[in-house]
2 protein chains.
Amino acid sequence: MKTVNPQKSLVEQTYDILVEAICVGTLKPGERLTQDAVAARLNVSRQPVNAAIGLLRANRLVESAGRRGVVVAGLDPDLLRDIYDFRSVVEPLAVTLAGRRGLTEAEIAEGRGIIAEGWQALRKGDEPGMVRADVAFHTLLYRLSGNCVIEETMRVYWTHIRRAMSAILRSRERYPETVWDQHDRIFAALCAGRVEDSAAILREHLLGSFANIAGHPLGPPDPQRADG
Amino acid sequence: MKTVNPQKSLVEQTYDILVEAICVGTLKPGERLTQDAVAARLNVSRQPVNAAIGLLRANRLVESAGRRGVVVAGLDPDLLRDIYDFRSVVEPLAVTLAGRRGLTEAEIAEGRGIIAEGWQALRKGDEPGMVRADVAFHTLLYRLSGNCVIEETMRVYWTHIRRAMSAILRSRERYPETVWDQHDRIFAALCAGRVEDSAAILREHLLGSFANIAGHPLGPPDPQRADG
DNA sequence: CGATTGCATTTCGTATACGGTATTTCATAT
DNA sequence: ATATGAAATACCGTATACGAAATGCAATCG
């Protein structure tokens, strides 16, 4: 029979809701959040909201506004550059470690499934689907590395990457069509044991992804437009 | 004139106290912590303790024990291996970025000061001093990189590295005498602009540091000895 | 003697209250 | 019109209370 699903705490639920709203753009950069307002909106008390906002602050998704709540952090080009510099060494390490430990048949199948979903989303022009598959693909690489530090560190920073991706897609820019070809080749090389090839293609992929993001004006938002 | 030092919140103070106790070994692996006990000990209410323990849990310094509080995490050899694998790519990136942006005279002086303190601590056999200087040296590299992702990520993991260092020193193992020679050479090469040399010495340094840690039995503690 | 069940205790999540601090608004003086 | 001071308001940190959930232990049954 089915097992009982453990309930997420109110803190976790609150955090997830706010992260999602920030990533998809429902909560815009510069928008102010107070604990009372969020608590009223989500029909909980201030205590779990305080804890969730503490996590958002720690993950740099919001910034303190003195004793006037917090504001949703802007898309910071400097932070994104730091994240991509970071990725440029961490993700090749991830595929190196993954190649070293080898992939199981199930893991190979899982990777191919994610890539198939990415291709399908590209065919359909399903941009949110492409973002989801993109996240799933890179998260898989971290998991395959078997290195929990890579996995946990990147989980935090992917919220920022997702925000940038969503912002770019909202401005009607196209999702680069080379992405899934590159994902395909990265994974194929990894499965074939050609780890250095895989790492090289990954570095190229990251350079391209960052060039796409850097070429898009994500500068600090006009505060007057916070209510836009 | 001097600026007013803003008071640290009770949450921050509680977290710092607990981290310090875990790092220096006052709180031992396997030791159980409940919110009521910590609150009574520190003379605060449970609320800031709950928040601080949440951060400790997120930083893997404690582990949940169901509805029986948390336990201080053991020194996990797998986690330390993951951290050192991670460092092996992140720290060379840090010196690469530092070399790219160049060092100011003040930064060069600061680095030399830290290294001098390290040598002095070595001469005096001041092991806590050596650990502090070690932390300060690597933290300086992260800061010099100008990459906030490196800086913040490594800040978390250095609590684990410090724990391992403290455990090794408590077992009367000697602090490797090559450490400060290597720090000296890493920094000298960086200051001279020989970034690849600096990165190469750093990698060698990390291999040695990890070999030192890996060679020391840090395995999961005997739970019966939690009260030791 | 081992397994099961019921009950008491411990612990935590979260709601609410209170006080302090920072910020904003308004009134007054120049 | 501008500056300044006082008052009001908004917000957050933290204390406390309450209820739910998990755990441990003892009694009972097979």
Side-chain angles (χ1 to χ4, degrees), chain A residues 1-19 21-22 27 30-73 223-224 226-227, chain B residues 2-19 21-22 27-28 30-73 223-224 226-227:
Chain A
M1 66 181 66
K2 284 178 179 280
T3 57
V4 173
N5 287 327
Q7 291 264 20
K8 274 189 161 184
S9 67
L10 291 182
V11 176
E12 290 168 317
Q13 293 182 63
T14 303
Y15 178 79
D16 289 345
I17 289 168
L18 293 172
V19 162
I22 291 170
L27 285 173
E31 188 161 341
R32 196 155 69 91
L33 299 173
T34 68
Q35 294 178 12
D36 286 315
V38 173
R41 177 82 154 276
L42 301 184
N43 199 28
V44 295
S45 71
R46 264 209 306 120
Q47 197 277 340
V49 175
N50 171 274
I53 287 183
L55 287 173
L56 289 173
R57 193 184 292 121
N59 291 341
R60 300 173 69 113
L61 291 165
V62 299
E63 292 160 353
S64 291
R67 279 301 181 110
R68 280 292 178 267
V70 294
V71 297
V72 178
Q224 303 301 329
D227 57 350
Chain B
K2 283 178 180 282
T3 56
V4 172
N5 285 329
Q7 291 267 19
K8 274 188 162 186
S9 67
L10 292 183
V11 176
E12 290 168 317
Q13 293 183 63
T14 303
Y15 177 79
D16 289 347
I17 290 167
L18 293 172
V19 162
I22 291 171
L27 286 172
K28 296 171 173 44
E31 189 161 340
R32 197 154 69 90
L33 299 173
T34 66
Q35 293 179 12
D36 284 316
V38 174
R41 177 83 155 274
L42 301 185
N43 201 28
V44 293
S45 72
R46 264 209 303 120
Q47 198 278 337
V49 175
N50 172 273
I53 287 184
L55 288 173
L56 288 174
R57 193 184 293 121
N59 291 340
R60 301 172 70 109
L61 291 167
V62 298
E63 291 160 355
S64 290
R67 280 295 179 112
R68 280 291 178 269
V70 294
V71 297
V72 178
Q224 302 304 328
D227 55 349

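All chains are named by letter (A, B, ...) in the order of the sequence lines, taking the proteins before the strands, and each is independently numbered beginning at 1.
To the nearest angstrom, P of dT14(C) lies 14 Å from CG of Asn43(A).
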Next item on the list: Walk me through it: do Asp16(B) and Lys8(B) pass the test side chain to side chain contact (heavy atoms under 4.5 Å, CB included)?
Entry: CA-CA 10 Å; Asp16(B) 289 347; Lys8(B) 274 188 162 186; 2.3 Å; yes
Notebook entry, point to check: Going through the checks in order, is the side chain to side chain contact (heavy atoms under 4.5 Å, CB included) test met by Ile17(B) and Arg41(B)?
Noted result: CA-CA 11 Å; Ile17(B) 290 167; Arg41(B) 177 83 155 274; over 6 Å; no
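Between Ala52(B) and Val11(B), the shortest heavy-atom distance links the atoms CB-O, 3.9 Å. Contact between Arg46(B) and Asp36(B) at its shortest, heavy atoms only, is CD-OD1, 3.2 Å. Closest approach of Ser64(B) to Val70(B), counting heavy atoms only: CA-CG1, 4.0 Å. Nearest heavy atom pair, residue Ile53(B) against residue Gln35(B), reads CD1-CG, 4.1 Å.
Results of the side-chain contact (heavy atoms from CB on, under 4.5 Å) test with Leu27(A) over Leu61(A), Val62(A), Leu33(A) single out Leu33(A) as the only residue that passes.
Legend: residues meeting side chain to side chain contact (heavy atoms under 4.5 Å, CB included) with Arg60(A), ordered by chain and number and at least two apart, are Leu79(A), His160(A), Cys148(B), Glu152(B).
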Would you list the protein and nucleotides 8-11 of chain C atom pairs, both N or O, that sit under 3.5 Å from each other?
residue, atom, partner, partner atom, Å
dT10(C), O2, Arg68(B), NH1, 3.4
dT11(C), O3', Gly69(B), N, 3.4

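Across residues 46-63 of chain B, Arg46(B), Gln47(B), Pro48(B) each have a non-hydrogen atom less than 4.0 Å from an atom of DNA chain D (numbered order).
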